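Read the structure below first, then the notes.
Residue numbers start at 1 and run along the sequence shown. Bear in mind that the values here come from a model prediction, so they are computed numbers and not experimental data.
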Amino acid sequence: MKIAFAGLGVMGAPMARHLVQAGYDVTGFNRTPAKAQAWAAATGGRAAMTVAEAVRGVDLFVLCVGNDDDVRAVVTEAVPHLAEGAVIVDHTTTSAKLAREMADLAAGQGRRFVDAPVSGGQAGAENGQLSVMAGGDAEALARVEPALNAYSKAIKHMGPAGSGQLTKMVNQIAIAGVVQGLAEAVHFAQVAGLDTDAAYEAVSKGAAQSWQMDNRWKTAARGEFEFGFAVDWMRKDLGLVLDEARSNGAKLALTALVDQFYAEVQGIGGNRWDTSSLAARLQPRN
C-alpha cells in the first residue's frame, strides 16, 4: 500500500513515522517544505513539495492539518490525483459539516473519505497509542485499518460521515469539565495549606481518579504547562462543539463556561500552554 501523509506537525510527524517503521511506502507533505524534508531525512520516508506530487497514484491519503479550511483545500487538490478507489483518512479535528462535505466530494470522484479525529495528544502520537473515532464508509475504514494500527491503540467506527467528528466533540466536552474540576481541586488544596502531593496520593486512588489527575495534577500544582495539546487548539475544538450545540439544541452550560475560562488563559499569555493551564487563571497574579 502506497501512502501519502499531509501535515507533519507535532501530531502528524510521529504518526507518519510509525507508518514508515511499520514498513509502508510513505510520502510526506507539509506546507513548510523544510519540515517535510527534515521528516524524510529522519525517518527514511520521502518528501513531496506539493499535495499533487505526494498523492499521485497512492491508495491511502492521510492528513492531520489545522482546520476546516485547510482540510477543504488539501482534499480538493488531492482527490483528482489519487488512485481510483483510494481512501482519504482525515485525522484533523473539524466540523461534522465539513466531514460530510468532503465525503460527498470524494465519493463524486470515485474515492472514499473517512473522518477520523484522534485523542491522546502529542504523547499518544509519539508512542503510537492514539484512539481513533471514525465516521464514513465502514468498508473503506476496514481496508486501511491495518495501516492506522501503526499509531493507534483503538479504532472505533461510529457511523456515517461526520460521526467521528461528533464523537471527538463528546471527548472534548468530557475533557473540559474534568480539567476544570482538576484545576479547582489543585487550587483549593493549595489555598487550604495542604501538601498537594499528599493530597493527590489521598484522592487519586478513589472515585476522583482520572487520566487528567494522574498525568497533570502534580505539574499543574507546580505551574508547569508545557505538556502537549495547546489552549489555542482546545478553544478551536470547543468552538466547533458549541457551534454544533447551537444547531442540535444540546445544552452545554459547563462547556461554554470552560471555553470562557480558556479565553482568560489566552489573555494571560497561555495560548501555547497545555489544557491543564486552567489552573493558572486561579493563581494570584501581580
Only pairs under 3.5 Å count here: list side-chain donor-acceptor contacts from residues 28-40, not counting sequence neighbours, and write none if there are none.
from : atom 1 : to  : atom 2 : distance (Å)
N30  : OD1    : L8  : N      : 2.8
R31  : NH1    : D70 : OD1    : 3.1
W39  : NE1    : A13 : O      : 3.3

Donor-acceptor contact present, side-chain [X] to main-chain [Y], <3.5 Å:
X: W217; Y: T196; value: yes
X: D274; Y: E226; value: yes
X: D115; Y: G162; value: yes
X: Q165; Y: T92; value: yes
X: K153; Y: G128; value: no
X: H157; Y: G159; value: yes
X: R112; Y: D137; value: no
X: S277; Y: A280; value: no

Identify all side-chain donor-acceptor contacts of residues 100-107 below 3.5 Å with residues at least two apart in sequence or on another chain.
from : atom 1 : to  : atom 2 : distance (Å)
E101 : OE1    : R72 : NH2    : 3.0
E101 : OE2    : R72 : NE     : 2.8

Residue pairs meeting ring pair (Phe, Tyr, Trp, His ring centres under 6.0 Å), one or both in residues 2-26, sequence neighbours left out, come to none

Here the ring pair (Phe, Tyr, Trp, His ring centres under 6.0 Å) pairs for residues 94-153, sequence neighbours left out, are H91-Y151

Under a side-chain separation threshold of 4.5 Å, the hydrophobic residues clustered together with L194 are none

Heavy-atom closest pair (P14 atom, A125 atom, distance to 0.1 Å) is CB-O, 3.6 Å

Review point. In terms of side-chain heavy atoms, does E184 have a donor or acceptor partner in Q180 at a distance below 3.5 Å?
Key: yes

Hey, are Y262 and D232 close enough side-chain-wise for a donor-acceptor pair under 3.5 Å? no

Contacts of E244 meeting salt bridge (Lys or Arg N to Asp or Glu O under 4.0 Å) (sequence neighbours excluded), chain-then-number -> none

